[in-house]
Amino acid sequence: MHDPKYLRENTGLIRTALGARGRDVPWDAVQKLSEERRALTTQVEQLRHELKKGSDDVARRRRTGEPTDEAVEAMKRVGDRIKEIEGRLRETEDALNDLALRIPNLPHQTVPQGSDSTHNVEVRRWGAVPSFAAPPKPHWEIGEALGILDFDRAAKIAGARFALLRGAGARLERALIDYMLDLHTTGHGYQEVLPPVIVNRQTMTGTGQLPKFEDDLFRLRDEDWFLIPTAEVPVTNLHRDEVLGEDVLPLRYTAYTPCFRREAGSYGKDTRGLIRLHQFNKVELVAFTTPEQSYQELERLTGHAEVILQSLNLPYRVVALCTGDLGFSAAKTYDIEVWLPSQGQYREISSCSNFEAFQARRANIKYRPARKDAKPDFVHTLNGSGLAVGRTMVAILEHYQQPDGSVLIPEALRPYMGGKERLTKE
RNA sequence: GGAGAGGUGGCCGAGUGGCCGAAGGCAACGGUUUGCUAAACCGUCGUAGGGGCGAAAACCUCUACCGAGGGUUCAAAUCCCUCCCUCUCCGCCA
């Protein structure tokens with residue numbers, strides 16, 4: 001959400017800066033409602049002032065024994081008038097609020113211009129793309145042959161886009177979660193949290209999933225509750241309606257959660273395998289910083305996600321999303337893409353974003369600057385996957401596949417696999 | 001699920017219709033005192049919106065906010081209703 005005052009006074013500027021990303025926004029209505037709101041607010045406040053004074057006068061008359069009937073009658077009329085204008089004000093505010101919550105964040109100056117993902121800019125590459133003697137198999141073939149992946153039974157239990165892990169596959173998933181959490185807590189200074197994966201509407205609104213993207217979420221039937229699409233949602237909202245001391249910033253959390261996505265509109269994409277599921281596991285990194293620190297923090301946080309891939313020896317590249325590919329709430333995003341041998345291309349395995357004050361304003365998360373005369377200000381929030389666990393499993397299966405059908409376990413994970421060095425048929 | 005208690009400023013806590021944005025205390029900040037620390041004393045000490053008023057800050061002023069939303073009343077932290085949350089007891093379940 002944008003600063004309401006800035007939005008009112010600079011509607012045109014925001015509109016221009018958003019370009020194509022703001023084409024759904026009814027800008028004229030935003031402008032009109034903004035101004036209407038201010039006008040009605042002024043009116044109501046003046047009338048309330050009148051009412052206050054009048055009521056004090058009634059009290060004074062009662063004490064001195066003067067007649068009050070006339071003053072009471074007059075204040076009755078003022079009260080009626082206030083109610084009427086308040087009604088209009090509320091309608092205006094509701095309408096404006098609903099629109100304002102659907103305006104995307106402004107891109108940072110360093111975000112490359114572009115209309116879609118083809119204009120994203122590769123920032124760096126790490127690791128060598130491997131070559132295989134025979135064409136590398138896709139992970140689902142490897143996993144099913146080993147007996148560690150079972151999509152048929154997952155479909156029976158739940159439906160399409162679900163997976164069942166078995167034996168060493170289940171263990172590997174758990175090992176990855178443990179490994180990532182350990183690295184981020186012990187190595188990178190994040191505090192681990194294990195949040196609820198069901199959240200309320202206000203929480204979903206705080207991070208920007210609602211009101212615009214309700215169709216992408218699973219919603220519970222009898223309550224106004226939603227399944228989280230990412231740990232970003234509960235973890236960022238940890239500090240909703242709080243004022244943090246500057247001394248606790250930057251605040252860094254890591255969380256493992258399952259994530260749930262309806263994947264509406266992605267029919268036909270990645271229908272096989274673990275790439276795109278309704279339920280998947282992710283280890284998330286979340287940070288709260290001062291406005292001055294947030295871009296430095298974005299680089300750090302992205303680096304923390306990269307370390308996981310490096311330590312697993314999986315080649316990847318980092319891509320800066322262009323203005324047209326940027327998510328709704330983000331001011332700047334780096335995607336980390338891992339090389340998938342069977343597809344012969346880099347695929348997203350992490351997305352690291354700085355939201356600046358966009359989420360903080362929605363969720364009312366502030367900090368009190370150390371400077372004594374400074375007023376509380378909104379923090380900047382950031383988050384990134386560190387990493388998507390299922391997709392890491394995909395990369396491992398494909399990269400470490402052997403001609404005999406077995407899969408080597410990356411050395412870093414072996415302590416988490418009871419010393420096991422290789423996945424073999426179960 | 002049943003019965004009861006409660007939600008007030010950063011924290012504790014008073015306040016059952018007007019003089020209450022809210023006593024008092026703690027914490028914090030500035031100062032006096034002090035060899036230093038502590039204590040004592042004085043002062044400051046919420047957030048948001050509108051206006052004065054501009055590029056902005058500061059300042060002044062008005063309005064709102066005592067869990068949320070409605071209602072009663074000339075006037076609501078205070079009375080009524082609904083909802084949310086916390087706590088205690090009972091039941092049930094993991």
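Atom set for the values below is all heavy atoms of this structure, side chains included, hydrogens, waters and symmetry mates excluded. As the structure is a computational prediction, the values presented were derived from the model and not from experiment. Just so it is clear: chains get the letters A, B, ... in the order the sequence lines come, proteins before strands, and each one is counted from 1.
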Within the supplied structure, the quantity of interest is the number of heavy atoms (other residues, nucleotides, ligands) at a distance under 6.0 Å from A/Trp225 CH2; does it exceed 12? no
If you count heavy atoms of other groups shown closer than 6.0 angstrom to CD of A/Glu70, is the number above 12? no
Answer yes or no: is there an ion pair linking A/Lys282 with A/Glu284, defined by an N-O contact shorter than 4.0 Å? yes
Which is true for [X] with a 4.0 Å heavy-atom rule: it touches a base, it touches only sugar-phosphate, or it touches nothing?
X	answer
A/Pro376	sugar-phosphate
A/Lys83	sugar-phosphate
A/Arg61	nothing

For atom [atom1] of [X] and atom [atom2] of [N], their distance in whole Å:
X	N	atom1	atom2	result
A/Asp241	B/C84	CG	P	19 Å
A/Asp80	B/A75	CG	C1'	14 Å
A/Asn364	B/U47	CG	C1'	9 Å
A/Leu51	B/C62	CG	P	16 Å
A/Arg8	B/G49	CZ	C1'	9 Å
A/Asp57	B/A75	CG	P	14 Å
A/Glu242	B/G67	CD	C1'	16 Å
A/Asp224	B/C84	CG	C1'	13 Å

Say you pick atom [atom1] in [N] and the same atom in [M]; how far apart are they, in whole Å?
N	M	atom1	answer
B/A64	B/U78	P	14 Å
B/U88	B/U82	P	25 Å
B/U61	B/G69	P	28 Å
B/C79	B/G24	C1'	27 Å
B/G7	B/U16	P	13 Å
B/G49	B/G21	C1'	16 Å
B/A55	B/G18	C1'	44 Å
B/C45	B/C29	C1'	7 Å

Are A/Arg38 and B/G51 close enough that a side-chain N or O sits under 4.0 Å from OP1 or OP2? yes
OP1 or OP2 of B/A64 under 4.0 Å from side-chain N/O of A/Lys52: yes
Which residues in residues 42-50 of chain A have at least one heavy atom lying under 4.0 Å from any atom of RNA chain B? A/Thr42, A/Glu45, A/Arg48, A/His49
Is any side-chain heavy atom of [X] closer than 4.5 Å to a side-chain heavy atom of [Y]?
X	Y	answer
A/Val233	A/Thr230	yes
A/Gln191	A/Thr185	no
A/Asp270	A/Arg347	yes
A/His188	A/Arg252	no

Taking the six-membered ring for Trp, are [X] and [Y] closer than 6.0 Å centroid to centroid?
X	Y	value
A/Phe328	A/Phe358	yes
A/His380	A/Tyr295	no
A/His239	A/Phe288	yes

What form does the base of B/G54 take, syn (within 90° of 0) or anti? syn
Side chains of A/Asn105 and A/Glu356: is there a donor and an acceptor less than 3.5 Å apart? no
Identify all stems in which RNA chain B takes part, counting only runs of at least 3 consecutive pairs (Watson-Crick or G-U wobble, each distance under 3.5 Å), and give each as one range with another, ordered by first number. B:1-7 with B:84-90, B:10-12 with B:24-26, B:28-32 with B:40-44, B:46-52 with B:59-65, B:67-71 with B:79-83
With respect to the side chain of [X], which nucleotide from [options] is positioned closest?
X	options	value
A/Met75	B/G18, B/C74, B/G49	B/C74
A/Arg37	B/G49, B/A64, B/G18	B/G49
A/Lys5	B/G50, B/U47, B/A75	B/G50
A/Lys76	B/G51, B/C74, B/G18	B/C74
A/Ser55	B/G51, B/G18, B/A48	B/G18

By nearest heavy atom, map A/Ala59 and A/Asp3 onto RNA chain B; which one lands nearer the 5' end? A/Ala59
Pick the nucleotide of RNA chain B nearest each of A/Glu9 and A/Glu73; which residue has the one closer to the 5' end? A/Glu9
Could you walk me through whether A/Thr254 and A/His184 pass the side chain to side chain donor-acceptor pair (under 3.5 Å) check? CA-CA 7 Å; A/Thr254 183; A/His184 293 316; 5.1 Å; no
With no angle test and no hydrogens, is the base of B/G18 tied to the side chain of A/Arg62 by a donor-acceptor pair under 3.5 Å? yes
